[in-house]
Amino acid sequence: NIFMRPYNYKVWAVPTPDMQCAWLGERVATVNVSKAIANVLNNKEEGNWGPNAIFRFPKEGGTGAIWKGVAKLLPKDKQQYGPNMEVTGID
């Protein structure tokens, strides 16, 4: 309820109770279970997962912590947050 439900709703735009396993095949890569177990036992990484080979998630703060970390890299005078701020254009 803290991560998986909100994350999956954001990714798929479908509430988790309405998700059906029938449509997974076209959206989620399949896994060879035997090969996955062998790779874990042999401390081997599979090379064909592309950007999904490693999934990193902040220990605290959820995905918002990623963007807060990015914001810290910006000059302070370029950081403007709050209810009175709005995007007026994107270059």
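Here the closest heavy-atom approach between residue Lys72 and residue Gln79 is recorded as CA-NE2, 4.3 Å. Considering every non-hydrogen atom in both Pro58 and Gly62, the closest pair reads CG-O, 3.1 Å.
Here OG1 of Thr16 is found 14.0 Å from OH of Tyr7. Values are rounded to the nearest 0.5 Å. Annotation: the span from Met19 atom CE to Arg5 atom CZ amounts to 9.5 Å, rounded to 0.5 Å. Atom CE in Met4 sits 13.0 Å away from atom CD1 in Ile2 (nearest 0.5 Å).
Trp12 is connected to Phe3 through a chain of hydrophobic side-chain contacts under 4.5 Å among Ile, Leu, Val, Met, Phe, Trp and Tyr, so both are in one cluster. Note on Leu74: it does not cluster hydrophobically with Ile66, by side-chain heavy-atom contacts below 4.5 Å among ILVMFWY residues.
The local environment of CG in Leu73 is crowded, with over 12 non-hydrogen atoms from other residues, nucleotides or ligands closer than 6.0 Å. Residue Asn43 places its CG atom among 12 or fewer non-hydrogen atoms of other residues, nucleotides or ligands, all under 6.0 Å distant.
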